[in-house]
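Contents: one structure, followed by commentary.
Here the structure is a predicted model, which means the values were calculated and not measured.
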Amino acid sequence: MMRWVRRGVRGRGSETVFAGDAARIRHPHRRRAVGFALVMSTTPSTAEPKKVPMSQSSLTDHERDPLIKARREKLQRWRSDLGLQPYGRRVDGLVSLTEARALFDQNAHDRFGAAVEAAKDTPDQPVEDQRPRALVAGRCVQHRVMGKLVFMVLRDHSGDLQVSVSKSDLDPTSFKIASKLDYGDIVVAGGPVGMTKKGEICIWANRFEVHCKSLVPPPEKFHGLQDAELRYRQRYVDMYANPGTIETFQLRSKLVSQVRRFMDGRGYLEVETPMMQPIAGGAAARPFITHHNALGMELYLRIAPELYLKRLLVGGMPRVYEINRNFRNEGVDRSHNPEFTMMEVYEAFGDYDTMRELTESIIHELAQTCAQISRERAANDVPPGPDAPLILPFGEINIDYTRPFRVVTYGELFERAMGFDMFDREKTRAKAKQEHLENADRLDHWLLVSELFDRYGEAEIDPSKPTFVKDFPAAISPLTRPHEENPELSYRWELFIAGMELANSYTELNDPEVQLQKFTEQLAGADEEVQTFRALDEDFLHALRVGMPPAGGLGVGIDRIIMLMTNSTTIRDVILFPLMKSRAAEAGEPQGEG
RNA sequence: GAUCGCGUAGCUCAGUCGGUAGAGCAACCGCCUUUUAAGCGGUAGGUCCUGGGUUCGAGUCCCAGCGCGAUCACCA
């Protein structure tokens, strides 16, 4: 409801200033409904990707590139001269590189060394070799040829491992392949797990096969792929060139699974509600629009699942959650991607305190997992004492996830920042004028409070201490149940960490008459432009009339939690394929009509 | 959408005051059976993002465009 009004308040741009670098990341994924749909026709994109016709594909470019040309010619030679099939086939019995490394047995290695030494005098005797064997696959990321010895480092999802190839251990063809291997090729190697003279654990290969020839030269092996644009556009290269990337996404997957187990363990039912909606309700963001041909209807990518999840409470599901994508037609910055993952939770007969306990428990548990992983990586797997703080780094700051999180009311924070009570209408308006807020003389008191809070109140929150800010003004929380003692306040909180809004929760409004009244007020306040893309979700109101139990509701920005847990200060580093503007001329080809 | 910054070899980066385009890695050829970003000798590789302009002369200065980044707007 507030958006178009607040735009007026903000006027000529925000002068909001935040203390720390991390604190500058703000503007949460707002989850909340205003109760009716914002349906905005998106204008056709001017950035529509121009398709490069197949006949003009970048093949000719590849033929021009001498580095790619050299690789293709090598591929042809391997096929014709060596009879090789360089694109591989199924291989059973593979272990990961980390598993193979763990197989190393010092005693077996020492005994084998001694046996080799002894065998120098008796060359006819077979040398006893008790070293464990391993069969591995990986992408070649380092390659050193020393005449009749080849050392290479393979990389897979688990880590790196050296493979050492001696000409005396292999047939001539396999040795030739090993010595002529290119960076980026995917190979299978098998043999005893041993060690080099320099103490490097490796596989001494007696089996060596190329299973995929890479035609594209890799990034610089020492610095990896630095260019942010290339990292996001060609994530597959980033993933193997920068090991931290795959680690981040492995951790993301692990943490999201942990959230699901947590929710399941507490008896919440995971559900999936429509992502294509005839009315995009549940928040006030602009939707993306699409079209269903057979039904001849417009559809919107959802901006929130809220109105459908509440229908499930009406239907009788007592505890539901959904972890999935929302789509908002808005800008891109360090904490916003147009499609992002959110968890929404609804619990019948709960309230916003139920949700606060839930949120704190989840985040605390995830932080514990990450702290544990850090200790393991630091080879310092000592469990902390019972009172030890739970601290994880994020950019320049260290965030303390020790329970309980801080709780402060909106009003306290406002007064601390502004020096007067937020109920004081005269001082609020005077301050708003002093700050040159647009329309400061005629806007509603609570809109001015909200604007001043955004500008100064949030900066009062210590970014290193997760903080619940509770009891927002009811006027800026239209879907929340009003406070029983003071109807100007509402049962709503937001959780702030590192200057970002991580979660938002309400004690839900389930009185259909009050809800309708608020909807109507909001529609009446909408200007002409806004009314063109807003619609009332009559079916949702009908559901409330059927009857929804009192409930607590919660929205958690999953991407932002992952940012905190993986120490990623930009959301693009925790989204596998962040949205990038299309680059039609990337291949350097002329843009044909087809 | 606005402002600022960036765009040089496949990658990572230098390039001074406007005066013939540079390095490392990767590639190609040669040597090497314990290397660790291996080493040594040799060779090749450029639409300096694109298009205009100023100038005797532009990677460098100016204008426009494209892409990326940062800040802001948008996001109740």
Side-chain angles (χ1 to χ4, degrees), chain A residues 1-7 10-18 21 24-35 38 47 62 65-71 73-74 141-153 160 162 164-169 175 182-184 194-200 202 204 215-233 237 241 282-286 303-304 326 328-336 338 340 447 450 454 472-473 475-480 492 501 504 522 570 572 580-586 588:
Chain A
M1 124 189 164
M2 302 286 95
R3 194 175 57 78
W4 61 95
V5 184
R6 290 156 66 96
R7 181 191 293 154
R10 282 216 163 91
R12 50 180 72 95
S14 167
E15 290 124 40
T16 312
V17 172
F18 289 85
D21 191 49
R24 239 171 255 139
I25 302 166
R26 51 193 298 263
H27 295 313
H29 298 309
R30 306 257 153 109
R31 121 186 194 266
R32 273 306 166 157
V34 287
L38 278 164
H62 286 178
D65 186 326
L67 297 178
I68 291 178
K69 187 160 175 260
R71 286 179 176 231
E73 286 169 357
K74 183 185 286 185
V141 294
Q142 288 184 45
H143 188 245
R144 294 179 282 274
V145 182
M146 297 195 53
K148 299 184 182 66
L149 259 189
V150 179
F151 300 100
M152 67 185 71
V153 175
D160 292 357
Q162 178 168 299
S164 306
V165 181
S166 167
K167 189 170 188 180
S168 59
D169 291 341
F175 182 77
D182 284 324
Y183 288 78
M195 190 178 265
T196 65
K197 284 178 181 170
K198 297 289 176 64
E200 182 79 28
C202 66
W204 286 101
L215 296 178
V216 179
E220 214 255 10
K221 64 186 174 186
F222 185 60
H223 298 93
L225 188 61
Q226 295 299 314
D227 185 280
E229 182 174 355
L230 280 179
R231 288 185 53 224
Y232 301 140
R233 289 191 192 276
V237 175
R286 292 174 180 168
I303 53 177
N326 290 336
R328 297 186 180 177
N329 207 334
E330 60 194 37
V332 174
D333 63 31
R334 284 212 281 175
S335 59
H336 289 83
F340 63 98
L447 298 183
S450 172
D454 285 354
F472 277 57
I476 59 169
S477 312
L479 264 188
T480 315
R492 171 191 182 183
E501 183 194 324
N504 188 2
Q522 289 152 9
T570 166
R572 296 181 197 94
M580 301 292 279
K581 206 163 182 177
S582 62
R583 215 164 48 168
E586 186 157 20

If you find the nucleotide of RNA chain B closest to A:A228 and the one closest to A:G199, which residue's nucleotide is nearer the 5' end?
A:G199
Using a heavy-atom cut-off of 4.0 Å across all strands, would you classify A:V145 as base, sugar-phosphate, or nothing?
base
Any heavy-atom pair between the side chains of A:L149 and A:S164 that's under 4.5 Å?
no
Work out how far the P atom of B:C49 is from that of B:A21, and round it to whole angstrom.
14 Å
In Watson-Crick or G-U wobble terms, both distances under 3.5 Å, what is the partner of B:G45?
none
Closest listed nucleotide, where the reference is the side chain of A:K167 and the choices are B:U33, B:A27, B:C68:
B:U33
Among B:C74, B:U33, B:G69, find the nucleotide with the atom closest to the side chain of A:K148.
B:U33
A:Q162 side, atom CD; A:M152 side, atom CE - distance, nearest 0.5 Å:
9.5 Å
What's the gap between B:C56 and B:G67 when it is taken at their C1' atoms, as a whole Å value?
34 Å
Base paired to B:A58 (Watson-Crick or G-U; both N/O distances under 3.5 angstrom)
none
Tell me whether the side-chain N/O atoms of A:R231 come closer than 4.0 Å to OP1 or OP2 in B:G69.
no
Both distances under 3.5 Å, Watson-Crick or G-U wobble: report the partner of B:C17, or none.
none
Applying a 3.5 Å limit to both distances, which nucleotide forms a Watson-Crick or G-U wobble pair with B:A26?
none
Rounded to whole angstroms, how far apart are CZ on A:F222 and C1' on B:C11?
14 Å
Check every atom of B:U12, B:G10, B:A27 against the side chain of A:Y183 and return the nucleotide holding the closest atom.
B:A27
Considering only the C1' atoms, how many Å lie between B:U33 and B:G39, rounded to the nearest integer?
15 Å
For the C1' atoms, the ones on B:C11 and on B:C17, what distance do you get once it is rounded to whole angstrom?
31 Å
Given B:U33, B:U12, B:U36, identify the nucleotide with an atom nearest to the side chain of A:Q162.
B:U36
Identify which nucleotide among B:G67, B:G24, B:C32 has an atom closest to any side-chain atom of A:E220, counting heavy atoms from C-beta outward.
B:G24
Over how many whole Å does the gap from A:H336 atom NE2 to B:A73 atom P extend?
11 Å
Determine the interatomic distance between P on B:C61 and the same-named atom on B:U16; round to the nearest Å.
9 Å
So which nucleotide does B:A37 pair with, by the Watson-Crick or G-U wobble rule with both distances under 3.5 Å?
none
Can you check the A:Q226 CD to B:C68 P distance for me, whole Å?
19 Å
Presence of donor-acceptor pair under 3.5 Å, side chain of A:S164 and base of B:U34
no
Applying the Watson-Crick and G-U wobble criteria at under 3.5 Å, what pairs with B:G67? Answer none if nothing qualifies.
B:C6
Taking side chain to side chain contact (heavy atoms under 4.5 Å, CB included) as the definition, give me every residue that meets it alongside A:K74, ordered by chain and number, with sequence neighbours left out.
A:R77, A:W78, A:K180, A:D182, A:K213
Once you round it to whole Å, what is the distance between C1' of B:C25 and CG of A:L225?
14 Å
Which residues pass the side chain to side chain contact (heavy atoms under 4.5 Å, CB included) test with A:D169, not counting sequence neighbours?
A:S166
A:D182 has its side chain closest, among B:U12, B:A26, B:C28, to B:C28
Quick check on B:A26: is either OP1 or OP2 less than 4.0 Å from any side-chain nitrogen or oxygen of A:R71?
no
Taking only the side-chain heavy atoms of A:W204 (C-beta and beyond), determine which of B:A26, B:U34, B:C68 contains the nearest atom.
B:U34
Please pick, from B:U34, B:C68, B:A27, the nucleotide with the shortest atom-to-atom distance to any side-chain atom of A:T196.
B:U34
B:A23 versus B:U8 - spacing of their C1' atoms, nearest Å:
13 Å
Just the rounded figure in Å: distance from P of B:U12 to CD of A:E229.
11 Å
Picking from B:C74, B:U36, B:A70, which would you name as closest to the side chain of A:T570?
B:A70
Could you state the NE2-P distance from A:H143 to B:C25, rounded to the nearest angstrom?
17 Å
Does B:C25 have OP1 or OP2 sitting under 4.0 Å from an N or O in the side chain of A:K221?
no
Audit row: A:R71, A:V216, side chain to side chain contact (heavy atoms under 4.5 Å, CB included) steps and yes/no
CA-CA 8 Å; A:R71 286 179 176 231; A:V216 179; over 6 Å; no
In terms of side-chain heavy atoms, does A:H223 have a donor or acceptor partner in A:Q226 at a distance below 3.5 Å?
no
Taking B:G22 as the reference, what is the distance to B:C29 when you measure between their P atoms (whole Å, please)?
26 Å
Over all atoms of both residues, closest heavy-atom pair of A:G282 and A:A304:
O-CB, 3.3 Å
Separation of B:A37 C1' from A:H223 NE2 (nearest whole Å)
9 Å
Nucleotide forming a Watson-Crick or wobble pair with B:C32, both distances under 3.5 Å
none
Nearest-nucleotide wise, let me know which of A:L67 and A:V332 is further upstream toward the 5' end of RNA chain B.
A:L67
Distance from A:Q142 atom CD to A:F151 atom CZ, nearest 0.5 Å?
12.0 Å
Whether A:K69 contacts B:C28 is assessed here as follows: a side-chain N or O lying under 4.0 Å from the phosphate OP1 or OP2. Is that the case?
no
How far, in whole Å, is B:C74 from B:A14 if one measures between their C1' atoms?
40 Å
Contact under 4.0 Å: A:R572 side-chain N or O vs B:G69 OP1/OP2:
yes
Checking side chain to side chain contact (heavy atoms under 4.5 Å, CB included) for the pair A:V150/A:V145: CA distance, chi angles, key distance, verdict?
CA-CA 4 Å; A:V150 179; A:V145 182; 4.3 Å; yes
Residue A:R334, side-chain heavy atoms: nucleotide from B:U71, B:U12, B:U33 that is nearest:
B:U71
Between P of B:A9 and CD1 of A:I68, the distance in whole Å:
15 Å
